[in-house]
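Single-structure report; data block below.
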Amino acid sequence: MAVNSVHQLTGELVDRREGINRELSRNGVRFGVYKDGEYRDRLFPYDPIPRIIESDEFDQLEAGLKQRVNALNAYLKDIYGDKRIIADNVIPGEYVYTSAGYFPQVNGVTPPGGIFAHIAGEDLVQGEDGRWWVLEDNLRIPSGASYPLFARDVERRTNPKLFRQLHVRDNRDYPRLLRKAMDFVSTDGIAVVFTPGRYNSAFFEHAYLAEKTGAVLAFPEDLEVLDNRLYLLDYAGRRHRVGVMYRRMSDEFLDPFAFNPDSVIGVPGLLSVYRSGNVAIVNAPGNGAADDKAIYYFVPHMIRYYLNEEPILNNAPTYMPMFEQDRREVIDRLGELVIKDVSEAGGYGVVFGSSLDKAQRRELTERITSEPRRFIAQEVIQFKDINVIDPVTGEETPRKCDLRAFVVTGQNTHVWYSGLTRYSSKPGEMIVNSSQGGGFKDTWVLAPDKPKNSQQQGGVSAADAASLIADPQPHTLSLVTVSKADNLYWLGRYTERAFTTLARFFPFYDRVMDTDVDAFRPFAEALDLPQDFGDFDDFIHSFLYDGQDPNSVRSAVVRAFDNAVILRPELSSGLLQYIELAVSNITAAATRFASAEDIYKQRDIEDNMLAFWGGVEDSGMDTTLKASIFIGKYIERIDLYTRLHLAPEELSAPLTKLETYAHTLDGLPLPQCFAIGVGWLSEQLPARGYAQLAERLNEFRGDFDSRSVLVQSEDGTLSAMNMDSRRP
């Protein structure tokens, strides 16, 4: 190991932490948190000091993790099948059947490929003596792989030369491993990443992994069951069979027919398709029966039973209150142990007995006695502290950290050569979960001094190494759903709205800023802005920063982002970052809008939009998707130019552009929003003094109407993002 090189690169990352965090910010590396009943989409705090794991040490972890996940997969196959482990009295049946994660609805079902846990997130901690302990198995919807995956890309760019000199195992292969596992179990059809929606806490990851694997990001309204098959519905109502679904939604909400009848985010009939073997679900429904905190106690028994091996990794010493002897031990030593509620997750329901007063211990004792199945107790493992950079002082300070290792199972079982290291938000705090406000850092797994072929992840040769970072095949309009067709169109409109209103505002501002404030009223009237402002500052606030006014620049930028973030797999993270930058610029400036300097800084938003459009045009994005964005863009430009009463000759260029992009879609059915937008605009133009232009637009209207797909959003609005209805 090149120790000096590692320390040198670590030092550079620390020195550049602000720049790295800006890069993560501009790419929307977020983790949502619900607090006090309110969803807050925040940047996931990143620490630049990586966790470093020696090669030999990781090899031991890798062997233990493969062993553990293979045993857990065998257990799931058994308890939903022959139930031998229960018949042989290795695990009491009452523990299996009373688990909240056990679902009789999938009893007797063997998933495609025989795999239940395709992606396992194994939470480990390293004790002060250097030993590793497994704290939890996460086999349902483990999240977090995207964060170190993305962070490493940013870190690598800080000093590519130095990174090349280090023996750090490459972590870029996670999307390939994931997609290979998905393809291995697919039942013939396309691959989708199934997300409950934009406001899920890990939506960034859903969209990012869809982008990197080339899968379609699908929302509940995009999927339907027909003839015991699962289909993705595109914007034209055509069906595309789904062969594998990487679901990022809890079991209870997957199918209202089979699980929670009140679920409005599931797909009715999905479980029937799954039970028939007509779709693979990654991870399989019912996996919670194996990652129940109480079942954790029995994993070493599973390893011995199914694999006839001794466990390689340590379980934290655990006590089961359902066993009388263990219950007495727990109650007698309550102040020394950590108590976990098996029905909770995300760091919730974890209580350190030492933190409780006498009355609280008495209350907890009563709960354990009355509901022993609900709790487990563990010895407190003193984590090894790892330094982080204090965001306030800039000094190194110790924090408790865990490691979520990711194990991907397809044709073979692979341990990803990286992992998510999470650290606590406060010194001495033992809870490190992201949902509890913690941050993350990258995990560097060092390679052996003499590389071996076996160290190539998943058997990838050096000649194939480039495929690890190859871009997936671009999406086409044929796989765009109704809502995404709207998103593309409105993304074009809102980026144009932000750009043109700013571009036309600044020359006007320069001419009249020293005159009477009334000079701004015609400009405000043209853009549907309030005209009852009392002074210049009021007008600037309304125009630039008022997030409650749908016609402000800030609203246009935010609405552009709301549409763009849904389209990450189609656009790519590289293009989305320009919209992210515009949001950051306008949001930060809104807190100090009285500054004239900040007003001129908003010119940067014009540059952001120009960079975005140029990137779209120059990208490998399918031409049909490009055309959808630019049709929206030029409809909006014509609308704005005519509102502001520009000369007819200035409308020639956007009209020509509109014609050019419309021809790109010749012969294709068209989203209804195109026809609605052109139709509404052509009706407004005569009153604005552009009767001849209206006649030309009516030619588009006839063409768009004849090919328009008559499908609207369920809520009847013109846009899934609650757009300004005054501008169709």
Side-chain angles (χ1 to χ4, degrees), residues 489-490 492-533 535-536 538-544 546 549-557 559-560 599-600 602-603 605-606 609-610 613 630-662 674 676-701 723-728:
Y489 170 79
W490 284 101
R493 292 202 66 164
Y494 277 113
T495 51
E496 173 62 30
R497 189 175 300 183
F499 175 83
T500 290
T501 51
L502 278 171
R504 293 290 161 179
F505 164 74
F506 281 112
F508 187 79
Y509 172 67
D510 289 339
R511 288 196 303 271
V512 303
M513 62 182 296
D514 295 326
T515 67
D516 189 343
V517 71
D518 288 340
F520 287 93
R521 297 192 194 281
F523 186 83
E525 181 182 11
L527 298 177
D528 290 335
L529 288 162
Q531 300 173 51
D532 57 351
F533 48 81
D535 57 31
F536 175 72
D538 285 347
F539 170 73
I540 293 298
H541 175 70
S542 295
F543 172 64
L544 288 179
D546 187 358
D549 190 323
N551 297 291
S552 70
V553 173
R554 183 178 181 181
S555 289
V557 172
R559 294 290 184 262
I599 293 173
Y600 277 101
Q602 301 319 307
R603 293 180 190 272
I605 292 175
E606 296 178 53
M609 299 309 168
L610 287 169
W613 293 327
F630 285 112
I631 284 172
K633 167 183 163 60
Y634 287 109
I635 288 175
E636 182 70 20
R637 180 166 289 190
I638 293 170
D639 180 22
L640 290 170
Y641 277 18
T642 55
R643 283 172 176 268
L644 295 168
H645 304 293
L646 270 66
E649 54 267 24
E650 293 195 61
L651 290 158
S652 175
L655 192 60
T656 300
K657 288 284 190 179
L658 181 60
E659 290 173 339
T660 300
Y661 286 106
F674 292 4
I676 292 174
V678 170
W680 178 87
L681 181 56
S682 64
E683 291 171 3
Q684 307 304 309
L685 292 181
R688 298 179 188 176
Y690 297 93
Q692 289 184 327
L693 179 59
E695 292 178 8
R696 287 193 63 183
L697 277 186
N698 278 326
E699 296 176 15
F700 282 99
R701 184 178 188 174
M723 304 299 177
D724 172 19
S725 60
R726 286 176 292 176
R727 297 192 190 181

Nearest 0.5 Å please: distance from the OG1 atom of Thr501 over to the CD atom of Glu606. 8.5 Å

Would Arg696 count as a cation-pi partner of Tyr690, with NZ or CZ less than 6.0 Å from the six-membered ring centre and within 45° of the ring normal? no

Is there any salt bridge (Lys or Arg N to Asp or Glu O under 4.0 Å) pair reaching into residues 682-695, and which pairs are they, with sequence neighbours excluded? Asp639-Arg688, Glu683-Arg701

Got a second to check how far Leu502's CG is from Arg603's CZ, nearest 0.5 Å? 9.5 Å

Once rounded to the nearest 0.5 Å, what's the spacing between atom CZ of Phe630 and atom CD1 of Ile635? 13.5 Å

Would you call Ile631 and Val678 a side-chain contact if the rule is heavy atoms closer than 4.5 Å? no

Interatomic spacing from NZ in Lys633 to OH in Tyr494 - rounded to 0.5 Å: 16.0 Å

If we ignore hydrogens and angles and just use 3.5 Å, is the side chain of Thr495 paired with the main-chain N or O of Met609 as donor and acceptor? no

Nearest non-hydrogen partners of Ser552 and Ser542, listed with the distance: CB-O, 3.2 Å

Quick one: do Leu644 and Phe523 satisfy side-chain contact (heavy atoms from CB on, under 4.5 Å)? Show the steps, please. CA-CA 7 Å; Leu644 295 168; Phe523 186 83; 4.2 Å; yes

Can you find a pair of side-chain heavy atoms, one from Thr500 and one from Glu636, that are under 4.5 Å apart? no

Flag if over 12 foreign heavy atoms under 6.0 Å of CD, Gln692: no

Test log, rule side-chain contact (heavy atoms from CB on, under 4.5 Å), inputs Asp528 and Arg643: CA-CA 10 Å; Asp528 290 335; Arg643 283 172 176 268; 3.2 Å; yes

Please work out which of the three classes, parallel, tilted or perpendicular, describes the rings of Tyr489 and Phe674, given edges at 30° and 60°. tilted

Spacing of CD1 belonging to Ile638 relative to OG1 belonging to Thr642, to within rounding of 0.5 Å: 8.0 Å

To the nearest 0.5 Å, atom CZ of Arg497 lies from atom CG of Leu527 at 9.5 Å

For Ser682 and Asn698, test the side chains for any donor-to-acceptor distance below 3.5 angstrom and give the result as yes or no. yes

Test side-chain contact (heavy atoms from CB on, under 4.5 Å) on Phe700 and Leu655 and set out the steps. CA-CA 10 Å; Phe700 282 99; Leu655 192 60; 4.1 Å; yes

Yes or no on side-chain contact (heavy atoms from CB on, under 4.5 Å) for Leu646 and Arg504, after CA distance, side-chain angles and deciding distance? CA-CA 11 Å; Leu646 270 66; Arg504 293 290 161 179; 3.5 Å; yes

Plane angle bin for Trp613 and Phe499 - parallel if under 30°, tilted between 30 and 60°, otherwise perpendicular: perpendicular

Closest non-hydrogen atoms of Asp549 and Ser555, given as atom of the first, atom of the second and distance, are O-OG, 2.6 Å

So, the side chain of Thr660 versus the backbone of Thr656: is there a donor-acceptor pair under 3.5 Å, distance only? yes

